[in-house]
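Residues take their numbers from the sequence shown, with the count starting at 1. The model shown is predicted, which means the values in this text are computed figures rather than measured ones. Both counts, for ligands and for their atoms, begin at 1 and track the order of listing.
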Amino acid sequence: MTKVLVTGGTGFIGSHTVVELLQKNYEVVIIDDLSNSSESVLDSIEKIAGVKPEFEKFDLCDKNKLQDFFRRHKDIKAVIHFAAKKAVGESVDNPLLYYRNNLFSFVNLLECMLENAIKFIVFSSSCTVYGEPDYLPVDEHAPIKKAASPYGNTKQICEEILEETISANNEKLEGIALRYFNPTGAHESALIGELPIGIPNNLIPFVTQTAIGKRDKLKVFGGDYETEDGSCIRDFIHVVDLAKAHIIALERMINLKIQSPYEVFNLGTGVGYSVLDVVKTFEKVSGVKLNYEIVGRRDGDIMQMYADTNLANHELGWKAERGLEQMLDTAWKWELALKEKNK
Ligand code: UD1
């Protein structure tokens, strides 16, 4: 069995990826500091996949602990690295927290991989690296713009760290950076999903929390953009489609199909939906009328963003299969399941 380390494996995208790995008979060990997730996710993963992944709780910034971890796990073949802070606003308020956490942890991880001759890494990146794109759909050749937030900057810098480290360590390291568009939805079992702590920043958790009564009203940020209905446009992608792409990326490296030692792929559906499309589609699939109001624009928001997915479709042989209705339906079922659990 091939053993894979998943950092941040109890988080939203991490947990769905762990499920896919276990279902494909990979052995999984998770490192997570549980700063934005719960250990109970491990039981939910076990319920779905029939296997409980190994788990160690610590912060990747602690190099001694990480070195000790690798001494005890000599058989790890590859790493999927999710663990990172990701709240845009928090990163603006506390940049050093983001630089320390997201960069130090990544440097530690790459050093340990090289020390232990672990060759393959999949890195969790974001379409945020494109900033406000000059053309749409945005492809992987689009220029990297100055990041709009320290969070976005950490993704750009980590991509650079990875590319440069790979090029300096010929034959010893290979990596694939996956640039996610807007991940959403939940596992169809409704056993795992997104668990925002506090008030959600992202649209869809805010929608489902409003519908269930946890929030009073959804504010639609901006109704005066130059788009068909005046609201922003995003490329939402189902978390299970996203998770599957990680396994394909991993196998591309393990099975020697990678074309160059460092590759980058966009992961989206290629279809842009507006915020108001999301509201309408949510009402349709859930049957719940959403209390919402169109308000002023949110600082730092990009008008529209959607992916050119050709590279991932042709090179990885991966295509998102789940549409917006399925994303919103599973996100809603997850919210209902959470309510049931917390009764
Ligand atoms: C945000 C981050 C991005 C990050 C991504 C992770 C910003 C500027 N960007 O992207 O760096 O990689 O999350 O998923 O924060 N909206 C509302 N009302 C709400 C919440 C959101 O109208 O209560 C709108 C936003 O204005 C935006 C769209 O919904 O137009 C999507 O917002 P969000 O889910 O926060 O994602 P992004 O801003 O695309």
Is Tyr151 near ligand 1, meaning one of its heavy atoms is under 4.0 Å from it? yes
Inspect the contact between Glu340 and Lys343 and indicate whether a charged nitrogen and a carboxylate oxygen are less than 4.0 angstrom apart. yes
Sidechain-backbone polar pair: Ser149 side chain, Gly152 backbone, donor-acceptor under 3.5 Å: yes
Taking all non-hydrogen atoms of both residues into account, name the closest pair between Pro133 and Leu136 and its distance. CG-CD2, 3.9 Å
Decide whether Thr330 and His238 meet the rule of one side-chain donor and one side-chain acceptor closer than 3.5 Å. yes
Asp224 and Arg297 ion-paired at < 4.0 Å: yes
For Asn266, does its backbone N or O pair with a side-chain atom of Glu140 as donor and acceptor, under 3.5 Å? yes
Any idea which atoms of ligand 1 are less than 4.0 Å away from a heavy-atom of Thr128? 11 (O)
Any salt bridge linking Glu171 with Lys119? Criterion: basic side-chain nitrogen under 4.0 Å from a carboxylate oxygen. no
When distances are taken from atom 22 (O) of ligand 1, the protein heavy atom at minimum range is Phe221 N, 2.8 Å
Taking only heavy atoms of Leu218, which atoms of ligand 1 are found under 4.0 Å from at least one of them? 18 (N), 23 (O)
So, Phe12 versus Phe82, ring centres under 6.0 angstrom or not? no
With heavy atoms of Lys219 as the reference, note each atom of ligand 1 found under 4.0 Å away. 17 (C), 18 (N), 19 (C), 22 (O), 23 (O)
Ile13, Leu203, Val278: member with heavy atom nearest to atom 21 (C) of ligand 1: Leu203
For this output row, return yes or no: ring centroids of Tyr130 and His141 closer than 6.0 angstrom. no
Protein residue, atom and distance nearest to atom 13 (O) of ligand 1, heavy-atom basis: Asn202 ND2, 3.0 Å
Among all protein heavy atoms in this structure, tell me which lies nearest to atom 39 (O) of ligand 1, with the distance rounded to 0.1 Å. Arg234 NE, 2.5 Å
Per-atom filter on ligand 1: closer than 4.0 angstrom to a heavy atom of Ser126 are 12 (O)
Flag for Asp277-Thr281: side-chain donor and acceptor within less than 3.5 Å: no
To check your reading of the model: name the closest protein heavy atom to atom 20 (C) of ligand 1, its residue, and the distance in Å. Asn201 O, 3.5 Å
List every atom of ligand 1 that sits less than 4.0 Å from any heavy atom of Val88, numbering the atoms from 1 in the order shown and giving each element. 2 (C), 7 (C), 9 (N), 11 (O), 15 (O)
Report, in ascending order of atom number, the atoms of ligand 1 lying under 4.0 Å from any heavy atom of Cys232. 30 (O)
Quick one: look up the protein heavy atom nearest atom 10 (O) of ligand 1 and list residue, atom name and how far away it is. Asn182 ND2, 4.0 Å
Give the numbers and elements of all ligand 1 atoms closer than 4.0 Å to a heavy atom of Val220. 22 (O)
Give a yes or no answer on whether the side chain of His81 reaches the backbone of Ser124 with a donor-acceptor pair at less than 3.5 Å. no
The option among Arg179, Arg298, Lys217 carrying the non-hydrogen atom nearest to atom 32 (O) of ligand 1 is Arg298
Which of the listed options, Ile204, Asp301, Asp299, Ile294, holds the heavy atom that is closest to atom 26 (O) of ligand 1? Asp301
Proximal ligand 1 atoms for Val275, defined as those under 4.0 Å from one of its heavy atoms: 22 (O), 24 (C), 28 (C), 29 (O), 30 (O)
